[in-house]
Amino acid sequence: MAGTRLTITPPKDFDLARDVCSYGYFVLAPNHWDPASRTFMRVLELAAGPATVRITQGDASSRRRQRGAPLKLAFDRTLDRPEQAEAKRLLARMLRLDETDADLRAFHAIDPRWKKSGRGRLFRSPTLFEDVIKTVTSCNVAWPSTVKMNERLCAVCGRKAESGLYAFPSAKKLSRTRAGTLRGRCSVGYRDQRMIDLARMFVRGDIDEAWLTDAKTPDDEVFEFLKTLPGIGPYAAGNIMQLLGRYSRLAIDTETFRHAKTVLGYAGTDAQLTKKIKAHYEPFGDQVFRSYWFELWDFYESKQGPSHTWERERTAKAFTAAQFKD
DNA sequence: GGTAGACCTGGACGC
DNA sequence: GCGTCCAGGTCTACC
């Protein structure tokens, strides 16, 4: 790529392979992780149009872990100064560079199981809007359909970069898209109007990201607000909470019940399991989601190998609750 | 406050 | 190849 090249100095323990491959969204379009080269690539929607960024850490030819080494960004076009700042801001959100080494030490003090691996950061999207829409695509559907919806949303509604790759659609674009297009061409089904309504709320400013991320805003108020959004119920709200950096709640879905039965050895009705699950994670206080998630992720890695080696095509098919029932 | 049924897609299964 | 059933979380109507 012959465009702008930038460098970001991450926190000392940041590990690109570990910290990108830490949450399922890293395999959803427009994200692309290449296990062989340990390179992350996606299109960012910037002020002057879409730009593809390729991210490596340290010496790409080395197989050694290079925690804390500079992140090298290579773009497919030239970015002016404001765009460079915008790109860095979006990538910092995506990679959770705001989670400092001290933040992670605090998490590991509560749950020391992840101290050795250093796990703590959870990959997310460059924008809250993309995180919310991705969460809606993960509701009431098997994982392969979530993968497909995100691919189609980008291909049908996203802008094309010089690289030929597509961006995730902006809120503005999605707010003007017809429900029939989303349903017919993006396979989002009944989620069509809910996605458009969400996009319109973002465009109008009805969703106040500053308030949602303000440390002074109580978790309970954020959770209750999220549940008022179209297509967002208790599971989705819990998931968006963690995407906002609020780890005090679980996002309970069928996968949680599968985990409770097969890994934790619990039995009973869903209501009984929910009580046992909450009791199990209670000791982790305001970090329950991370403790839950890395237990789950550990299980996936025990079945599929280290997450940074997962091929996109295989991952698209492998990760469904049904695959792990036994 | 709790719950049954509808919503939509895609995969599994039986014929 | 076709039809049927089922899984998946949210929403609405109803009790």
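Convention: sequence-line order gives letters A, B, ...; per-chain numbering from 1.
As a whole-Å value, the separation of A/Arg185 CZ from B/dT9 P is 15 Å. Between A/Asn140 atom CG and C/dA7 atom P the separation is 12 Å, expressed in whole Å. Atom-to-atom, CE of A/Met149 to P of B/dT9 comes out at 9 Å; the value is rounded to the nearest Å. Whole-Å rounding puts the A/Met195 CE to C/dT10 P distance at 13 Å. Straight-line distance from the OH atom of A/Tyr190 to the C1' atom of B/dG10: 13 Å, rounded to whole Å. Atom CD in A/Gln193 sits about 19 Å away from atom P in C/dT10, given to the nearest Å. Per the geometry, CG belonging to A/Asp270 stands 12 Å off P belonging to C/dA7, to the nearest Å. The distance between atom CH2 of A/Trp143 and atom P of C/dG9, rounded to the nearest whole Å, is 13 Å.
For A/Arg191 and B/dC8, the shortest distance from a side-chain N or O to OP1 or OP2 is not below 4.0 Å. Neither OP1 nor OP2 of C/dG8 sits under 4.0 Å from any side-chain N or O of A/Ser145. Of the side-chain N and O atoms in A/Thr254, one or more sit less than 4.0 angstrom from OP1 or OP2 of C/dG9. Considering only side-chain N and O atoms, A/Lys148 lies under 4.0 angstrom from the phosphate OP1 or OP2 of B/dG10.
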Nucleotide N/O to protein N/O under 3.5 Å, stretch nucleotides 11-15 of chain C:
residue : atom : partner  : partner atom : Å
C/dC11  : OP1  : A/Leu229 : O            : 3.4
C/dC11  : OP1  : A/Gly231 : N            : 2.5
C/dC11  : OP1  : A/Ile232 : N            : 3.3
C/dC11  : OP2  : A/Ile232 : O            : 3.3

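A salt bridge links A/Asp219 to A/Arg246: at least one charged side-chain nitrogen sits closer than 4.0 Å to a carboxylate oxygen.
No path of Ile, Leu, Val, Met, Phe, Trp and Tyr side chains, each step under 4.5 Å between heavy atoms, connects A/Leu244 with A/Phe284, placing them in separate hydrophobic clusters.
Remark: the backbone N or O of A/Thr52 is paired with a side-chain donor or acceptor of A/Asp76 at under 3.5 angstrom.
Within 6.0 Å of atom NZ in A/Lys227, more than 12 heavy atoms from other residues, nucleotides or ligands are found, so the atom counts as buried in its surroundings.
For A/Phe129 and A/Phe202, the distance between ring centers is under 6.0 angstrom. Aromatic ring centres of A/Phe40 and A/Phe123 lie closer together than 6.0 Å.
For the pairing with A/Tyr23, the ring-ring contact (aromatic ring centres under 6.0 Å, His included) check across A/Trp297, A/Tyr300, A/Trp293 returns one residue only, A/Trp293.
With hydrogens and angles left out, the side chain of A/Tyr235 and the base of C/dG8 share no donor-acceptor pair within 3.5 Å.
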